[in-house]
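Reviewing the structure listed below.
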2 protein chains.
Amino acid sequence: MCTTEDKIINASIVLFSQKGYTAVTTMEIAKEAGVSQMTLFRHFESKHNLFERSLDKFVFSPKFKALFESLEWDLERDLNKICASYQDVLYKNRKIILMHLKNEELNPHFEAVLYKFPNEFKKLLSRYFEEMRNRGAIIENPETLAVNFLTTSFGLFFTSLVMNKLTFDTDIQTCISNYIKIFTKGISLL
Amino acid sequence: MCTTEDKIINASIVLFSQKGYTAVTTMEIAKEAGVSQMTLFRHFESKHNLFERSLDKFVFSPKFKALFESLEWDLERDLNKICASYQDVLYKNRKIILMHLKNEELNPHFEAVLYKFPNEFKKLLSRYFEEMRNRGAIIENPETLAVNFLTTSFGLFFTSLVMNKLTFDTDIQTCISNYIKIFTKGISLL
DNA sequence: TCATCATGTTAGTTCTTGCTAACATCATCT
DNA sequence: AGATGATGTTAGCAAGAACTAACATGATGA
């Protein structure tokens with residue numbers, strides 16, 4: 001948190017993701033950012049412009065390359081790494097994701113950006129499973145496995161993010177490692 | 001679609017779930033319902049009242065009893081049934097769920113209603129897994145398994161609901177049955 | 001010291017929207 | 001036919017929110 005613009009953008013992300021675009025006023029954002037409303041309008045000409053610039057600014061990309069290189073062709077260990085990396089991106093982008101969910105109709109062009117990651121992860125994972133199949137470690141269809149794995153990861157993430165009132169006492173980390181254990185066993189040849 | 005009130009409530013659910021409470025105007029709802037704005041206010045005194053009555057009206061409960069009685073202690077078959085039932089409730093309540101997601105701050109009391117189902121499902125599933133463990137079919141912790149299973153089911157549901165722009169060509173039904181196959185194998189004693 | 005620049009303050013304009021009042025229309029029931 | 005009740009129409013009020021203009025303040029740097 002540094003420049004005035006950053007303060008405003010941070011505040012807007014927090015509020016937009018909490019309440020949605022229309023429900024938030026520029027006055028609220030200014031107050032949250034600790035500046036005057038006038039300053040907000042001087043930096044971003046309009047509320048909508050602020051919204052768009054907030055979206056543009058805060059998108060974190062996964063470190064695909066590092067992830068790729070760290071794989072060791074041990075199913076459970078690799079899946080743990082991949083999942084951790086995916087959870088990491090999702091978590092870092094959680095506010096943006098919520099913001100997007102609550103304001104879908106306002107930024108159709110933004111979907112492409114947001115959905116780039118799952119799609120890239122899917123490609124990566126498919127290739128990984130395919131190679132594992134070639135090595136004789138598994139038999140199932142690589143693409144199906146990839147979609148399954150990513151969807152589950154997303155389910156775990158989203159559940160822990162939004163449904164915090166559920167009386168699920170198991171925490172997400174435990175859930176994830178359990179899931180991977182089961183998944184690994186479920187797809188391995190014995 | 002029958003009485004005037006129903007028409008209005010239906011329209012409000014559609015719009016609230018699409019755009020969120022604040023972004024929808026009473027005029028829009030009236031138009032969508034095919035009535036005049038005045039009629040809307042005559043039936044529901046305020047926009048917020050309409051919102052609350054919409055929430056109250058459209059909550060579908062799962063048929064727990066029928067589900068319970070249909071179980072046959074065959075892991076894969078039972079899980080398919082349980083998952084199908086869960087997906088069914090989720091799907092029937094999809095608009096309400098979206099509506100809730102986009103308007104969290106407006107109806108805190110409603111969370112309890114929405115989260116009743118996952119919690120009941122979890123109890124049911126935990127008991128089921130416990131019994132299966134007693135029968136020697138599995139060894140893992142029943143509660144953990146239940147949470148895993150439900151979270152995944154929710155992930156599959158939500159992905160297919162919201163992320164329809166993902167280039168995941170595998171459809172949800174295939175995903176679900178694949179997942180259950182893997183899950184069953186993953187937790188079974190061999 | 002003085003000019004510059006970012007910010008705050010205040011007042012105000014305009015548009016939207018929730019909501020009401022008053023009257024008109026029209027179908028139904030007695 | 002006439003009363004009743006549900007709905008439509010039109011006009012309008014009150015509040016809020018986006019956004020602007022004009023001026024004040026206060027820090028920074030030449």
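These numbers come from a predicted model, not from an experiment. Below, read A as the first sequence line, B as the second, and so on, with proteins coming before strands; counting in each chain starts at 1.
In this model, no donor atom of one side chain and acceptor atom of the other lie less than 3.5 Å apart for Tyr179(A) and Thr152(B).
The phosphate of dG18(C) (OP1 or OP2) has no side-chain N or O of Ser46(B) nearer than 4.0 angstrom. Under 4.0 angstrom from either OP1 or OP2 of dG8(D) there lies at least one side-chain N or O belonging to Ser36(B). Applying the 4.0 Å criterion to OP1 and OP2 of dA6(D), one finds that His43(B) has every side-chain N and O outside that range. Residue Thr26(B) places none of its side-chain N or O atoms closer than 4.0 Å to OP1 or OP2 of dT17(C).
For the pair Phe41(A) CZ and dT20(D) P, the interatomic distance rounds to 7 Å; values are reported in whole Å. The nearest whole Å value for the distance from the NZ atom in Lys7(A) to the P atom in dT7(C) is 8 Å. A straight line from NE2 of His48(B) to C1' of dG16(D) spans 17 Å, rounded to a whole angstrom. In this entry the distance linking CD of Gln37(B) with C1' of dG12(D) reads 12 Å, nearest Å. Per the geometry, OH belonging to Tyr21(A) stands 14 Å off P belonging to dT16(C), to the nearest Å. At whole-Å resolution of the value, CD1 in Ile8(A) and C1' in dG8(C) are 13 Å apart. Leu40(B) places its CG atom 16 Å from the C1' atom of dT9(D), with the value rounded to the nearest Å. Going from atom CD of Glu45(A) over to atom C1' of dA21(D) covers 17 Å, rounded to whole Å.
Considering only side-chain atoms of Lys47(B), the nucleotide from dT7(C), dG8(D), dG18(C) that sits closest is dG18(C). Listed nucleotides: dT9(C), dG8(D), dG8(C). Nearest to the side chain of Met38(A): dT9(C).
Aromatic pair Phe44(B)/Phe51(B): centroids not less than 6.0 angstrom apart. When ring centroids are compared, Phe158(A) and Phe158(B) come within the 6.0 Å threshold.
In summary, Lys185(B) and Glu76(B) do not engage in a salt bridge, as defined by a charged side-chain N under 4.0 Å from a carboxylate O. A salt bridge is absent between Glu32(A) and Lys7(A): the closest approach of a Lys/Arg side-chain nitrogen to an acidic carboxylate oxygen does not fall below 4.0 angstrom.
You'll find a donor-acceptor pair under 3.5 Å spanning the side chain of Arg42(B) and the base of dG8(D), going by distance alone.
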